[in-house]
*Asks:* 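Structure in C-alpha cells, see below.
Quick note: residue numbers are just sequence positions, from 1.
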Amino acid sequence: MKEFFLGRLNMHALPHEWFSVGGTAGFMGLFILAAIILTRTKRWKWLWNDWLTSVDPKKIGIMYFIVGAFMLVRGGVDAIMIWLQQALSSGSSHGYLTADHFQQIFTAHGNIMVFFVAMAFIFGLINYIVPLQIGARDLASPFMNTLGFWLYIGGVVMVNMFFAFGGEYAATGWLAASPLSSIQFSPGVGVDYWIWSLQISGIGTTLGAINFIMTILKMRAPGMSLWKMPLFTWGSLCSMIMAVIVFPLLTATLFLMFFDRSFGTHFFTTTGGGDPMMYTNLIWMWGHPEVYILMLPAFGVFSEVVTTFSRKSIASYTSNVLGMIGVTLFALSVWLHHFFTMGASADVNAFFGVMTLFIAIPTSVLVFTWIATMRKGRIRYDTPMLWFLGFIATFTIGGIAGLILAVPPADFQLHNSLFLVAHFHSMVIGGVLFGIFAGLNFWFPKFTGFRLNDKIGRYSFYCWITGFCLSFIPMYILGLMGATRRLDHYDGATGWQPLYISMFIGGLVIATGVALQFAQILASYLQKYRLRDETGDPWDGRTLEWAVASRPPYYNFTVIPEVTTRDAFMAMKSAGTVKTVYEDIIIPKNTAAGIYIAIFAFFAGFGFVWHIMWLAFVSIIGAIVVFIIRGFHDDSEYTLTAAEVEKLEKARIAKAKLAVPGKYDHTDEDMGLQQLIGISYTFLIDIVKNKRWRTW
C-alpha cells in the first residue's frame, strides 16, 4: 500500500547532500522572502489579477525575462563550479567535487542555459515585440500563449526539483547520451527529472510556436505583406516554423526513453534489440535545429539594431530574408555532423559535411548585409550596437571553428575535445546571448518607459567580451592539445592547468558582467525620470513598435495602422501626424486555466519520476478536464468602448506630463559605478528606515 501511494519516494529522497540541502534552503528562502514582501505590501491580489493570470503578451514576455534572468544566475553558478573544479583538479589534487557530482552539474548547466535561459529570453522578446511590429493588438490565441508560458514554468520547477526530492540530477551530458541514460547505467531519478523538465517545457514551446506562426501569418496590419514585415518578425517566423517541425521529435524521443526506463521497452537498448544510434539520430535531429531556433530571432534583433543605429535601411532586405530562410532550410539537414565518429559510411559523412559547409553561405549573406548597411551610415555606438559588434567578433571565431569541424577527418580528431565545446559556446554566447542583450538594451525603453544607463551597460559589455576571450580562447587551445570535454580531473604533467585557471578567471569576469547588468537596471530605475522615453521613439526607430507609447497600453494600438512600405513607422513620421479616430476594441479576459493545467502537468511528471502512477494519471485527467472546460468557456472577451479608449489615452498623456524627477536622478551625466554604489546604499537605507515598501 505504501508503494502504491508513494512509489519510490522515501526518507532517503529528502535532501541529505550539502548541495541538495543548500539548494533547497536557498529556493525556500527566496519563496519565503517573496511571500513576506507580498504580504506586507498587500500585493497578492495584484500579483494574481494583474500578472499571473494575464493573457497580455507584453506581461507574459516580461515574466519570461524575469524567470530567464533567475535561471541565468542559476546556470551561471553551475558554470563557475565546473571551471573551479577544473582549475583545481590537477595531478594529486582532485578538486572539491566528486566525479559524479561534476557530471550532474555539467548536465544541469547545459539544460538550463539552452532550455530555460535562451528560450525564455527569445520567447520574451517575441511575445513583446512581434505583435507591436506587425500592428496587432494581441496574439492569435491568448490562452495558448499563457498556457505555453506556464508549462515552461512547470519545466523550470521540475529541473530544480531534485534539490528537494531525490538529491541527484542526470549525469549523462546535456542531451542524455544513450545507453548512459538507460535504467541500467542511470538507475536513479536524475534522468527522469531531465526527461520531464524537457517534456513539459517542450510541449509549451510547441504550443507557443504554433501561436506565433498563426499570429504572424493572419494578424498583420492592413497593407503589411510578408515582404514588408520587419526583419525581427521574419527571424521569429523562421525560428517558430523550425520549432513546430522539430519539437514534436523531441517529445516523441523523450516518451520513447521514458518507456525504456519505466516500462521495460527496448527502443534504445541493445539488450532487447534496440539501437542507441536511433536515439542519437532523433535527439540531434531536434538538437541542431534548436541552436538555429535560438539564433534566428537574434539575427532579427541584429538587423533591427544595425538599421536603427546606422540610421539607414537594411542594405538588401531581400538578401537578409533569403539568408534567414536559407539558414532555416539547411539547419534541418546537418544533424549528423554531431556524430561523424560513430560509424556512418563515408558517403553519409561527406553529404552532411558538405551541407554543414553550405549553411555558412546564408549566414555569411546576413553578416555582409549588416556590414553593408553600416557602410556610409551615420553610426551611433550605443550599447545595443556594441553587443552587435561583439557578436561579429565572437561569431566569426566560432564560425571558422565550425567550418573546421564540418570536415569529417578533422572532426575525427577534435569531436570529443574542448575545441567542440568552445565552438558551441562561441555560437550560442556570441550569436544568441549577445543578440538577446542587444535586444533588451534596444527595446528596454519600450518595456519600461525609460532607457537603460548606457555607461554601466558598456562596462557590462566589456566584462562579457573580456571574460569570453579569457574563457573560450584557452578552451580552443586545450582542445587542440587533447583535452576532452566533461573532464573533471587531469594529469598535472599535461601543462593544462594554467589554461583551466584562465577559464575560471574568465568565468568570474563574465559573472561581473552579469552583476553589472543587474546594476544597470537598478541605476536606470533610480534615474528613470532623466532616462524616460516621452515620445515612444527614443532611437528614431523605423518599425511599428516605436509608433506606440512607452510603455504600450494593453491593447497596443488605439487604431490599427495602415502599412504602405517596409520601414512603416519611418514612412508614417515622414508623412506627418495622422488624427486619431478612436474605436471599440475587443480585449481577451484574464484566465488562470493555464496555471491549473501546468500544475497538473507538473504533478503528472513528478508522479512518473517517482512511479506514483495514481498521481500521474489523476493529474493527466485533471489537465484534460481543465482544458475542456476552458474550451467551452464562451465569456473570454470584453469590449472596450471608443469612449473608454479615449479616456484612457488622455489619462496616460496627462500622467506623463506630471512626471517629476526622483530624489536619486542625476541630470548632468550617466551614473557610473561609484555613484551607483553610494546612491544604492542611500536608497536601501531610505527603504528600511521609512518603510517605503508599504507605499509601493
Side-chain angles (χ1 to χ4, degrees), residues 9 11-48 51-52 62-82 84 96-97 101 104-105 107-109 111-113 115-117 120 149-150 152-169 189-190 193 197 200-201 507-508 511-512 514-519 521-522 525 595 598-599 602-603 605-606 609 677 680-681 683-689 691-694 696:
L9 196 60
M11 292 298 294
H12 184 70
L14 297 176
H16 55 277
E17 299 281 355
W18 66 268
F19 58 89
S20 58
V21 172
T24 303
F27 284 117
M28 289 182 64
L30 287 174
F31 283 120
I32 291 171
L33 177 62
I36 291 173
I37 293 173
L38 289 168
T39 302
R40 293 294 298 270
T41 57
K42 299 179 180 180
R43 290 283 188 170
W44 284 106
K45 187 175 181 180
W46 163 82
L47 179 67
W48 179 262
W51 287 91
L52 300 185
I62 290 173
M63 289 192 288
Y64 268 118
F65 295 148
I66 293 171
V67 180
F70 169 76
M71 294 303 286
L72 175 65
V73 175
R74 164 78 175 82
V77 170
D78 283 345
I80 296 296
M81 292 179 70
I82 291 169
L84 178 58
Y96 71 106
L97 298 174
H101 189 190
Q104 292 181 43
I105 295 172
T107 303
H109 168 71
N111 292 152
I112 287 170
M113 288 302 195
F115 282 94
F116 303 110
V117 176
F149 169 73
W150 285 108
Y152 160 78
I153 294 297
V156 168
V157 176
M158 184 66 75
V159 81
N160 291 295
M161 185 54 62
F162 74 92
F163 283 116
F165 297 99
E168 66 169 331
Y169 192 63
V189 296
Y193 275 126
S197 63
I200 294 170
S201 64
L508 295 179
T512 304
V514 174
L516 285 172
Q517 287 172 306
F518 287 107
I521 295 172
L522 173 60
Y525 173 77
I595 299 176
I599 290 173
F602 168 79
F603 279 113
F606 188 82
V609 167
I677 293 171
S680 298
Y681 175 76
F683 180 62
L684 293 173
I685 293 298
D686 186 34
I687 292 173
V688 174
K689 283 186 176 181
K691 299 181 179 179
R692 292 190 182 276
W693 63 77
R694 293 181 178 178
W696 293 355

*Asks:* About how many Å separate CG of Asn160 and CD1 of Ile112, when rounded to the nearest 0.5 Å?
*Replies:*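 It comes to 5.5 Å.
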*Asks:* Would you call the rings of Tyr64 and Phe149 parallel, tilted or perpendicular, where under 30° means parallel and over 60° means perpendicular?
*Replies:* perpendicular
*Asks:* Quick check: closest heavy atoms across Ala120 and Gly68, and the distance to 0.1 Å?
*Replies:* CB-CA, 3.8 Å
*Asks:* Quick check on Phe603: does its CZ atom have over 12 non-hydrogen neighbours (other residues, nucleotides or ligands) under 6.0 Å away?
*Replies:*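 12 or below, so no.
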*Asks:* Just so I know, are the side chains of Gln517 and Ile521 near enough to count as touching, which here means a heavy-atom distance under 4.5 Å?
*Replies:* no
*Asks:* Determine the minimum heavy-atom distance between Ile105 and Met81, stating which atoms define it.
*Replies:*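 Closest approach of Ile105 to Met81: CD1-CE, 3.5 Å.
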*Asks:* Using the side chain to side chain contact (heavy atoms under 4.5 Å, CB included) rule, take Trp150 and Ile599 through it: C-alpha gap first, then chi angles, then the decisive distance, then the call.
*Replies:* CA-CA 8 Å; Trp150 285 108; Ile599 290 173; over 6 Å; no
*Asks:* I'd like to check Ile595 versus Trp48 (side-chain heavy atoms, cut-off strictly below 4.5 Å). Are they in contact?
*Replies:* yes
*Asks:* Can you tell me how far CD of Glu17 sits from OG1 of Thr24, rounded to the nearest 0.5 angstrom?
*Replies:*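 Between Thr24 OG1 and Glu17 CD, I get 11.5 Å after rounding to 0.5 Å.
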*Asks:* Between the main-chain N or O of Val159 and the side-chain N or O of Tyr169, is there a donor-acceptor pair closer than 3.5 Å?
*Replies:*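 Flag not set: sc Tyr169 to bb Val159 has no pair under 3.5 Å.
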*Asks:* Testing Val73, Val67, Leu72 for side-chain contact (heavy atoms from CB on, under 4.5 Å) with Val117, which one passes?
*Replies:* Leu72
*Asks:* How close do Gly76 and Met113 get, counting heavy atoms only, and between which atoms?
*Replies:*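 Answer, listing the atom of Gly76 first, then Met113: N-CE, 3.4 Å.
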*Asks:* Roughly how far apart are Ile36 CD1 and Thr41 OG1, rounded to 0.5 Å?
*Replies:* 11.5 Å
*Asks:* State whether the side chain of Tyr193 and the backbone N or O of Met158 hold a donor-acceptor pair below 3.5 Å, judged by distance alone.
*Replies:*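 No: the side chain of Tyr193 does not pair with the backbone of Met158.
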*Asks:* Going from OG1 on Thr39 to CD1 on Ile32, what distance comes out if it is rounded to the nearest 0.5 angstrom?
*Replies:*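 Taking OG1 in Thr39 and CD1 in Ile32, the distance rounds to 11.5 Å.
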*Asks:* For Pro15 versus Ala164, what's the shortest heavy-atom pair and its separation?
*Replies:*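 The pair with the smallest heavy-atom distance is CD-O, 3.2 Å.
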*Asks:* Working to the nearest 0.5 angstrom, can you tell me the gap between Leu33 CG and Ile37 CD1?
*Replies:* 4.0 Å
*Asks:* Going by the angle between their ring planes, with limits at 30° and 60°, are Phe165 and Phe606 parallel, tilted or perpendicular?
*Replies:* perpendicular
*Asks:* Below 4.5 Å, heavy atoms only, C-beta onward: do Ser197 and Phe116 meet side chain to side chain?
*Replies:* yes
*Asks:* Does Val156 reach the side chain of Tyr152, with side-chain heavy atoms less than 4.5 Å apart?
*Replies:*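 Side-chain contact under 4.5 Å: yes.
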*Asks:* Distance check, rounded to the nearest 0.5 Å: Leu508 atom CG versus Leu84 atom CG?
*Replies:* 8.5 Å
*Asks:* Between Phe163 and Met28, does the side chain to side chain contact (heavy atoms under 4.5 Å, CB included) criterion hold? Intermediate values first, please.
*Replies:* CA-CA 11 Å; Phe163 283 116; Met28 289 182 64; over 6 Å; no
*Asks:* Tell me the closest heavy-atom pair linking Phe602 and Gly154, and the distance in Å.
*Replies:*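 Smallest interatomic distance, heavy atoms only, reads CD1-O, 3.9 Å.
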*Asks:* If you compare all heavy atoms of Arg74 against all heavy atoms of Ala108, which two are closest, and at what distance to 0.1 Å?
*Replies:*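 For Arg74 and Ala108, the tightest heavy-atom pair comes out as NH2-CB, 4.4 Å.
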*Asks:* Please answer whether the main-chain N or O of Val189 pairs with a side-chain N or O of Glu168 as donor and acceptor at a distance below 3.5 Å.
*Replies:*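 Judged by distance alone, yes, a pair lies under 3.5 Å.
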*Asks:* Just say parallel, tilted or perpendicular for the rings of Trp51 and Trp46, cut-offs at 30° and 60°.
*Replies:* perpendicular
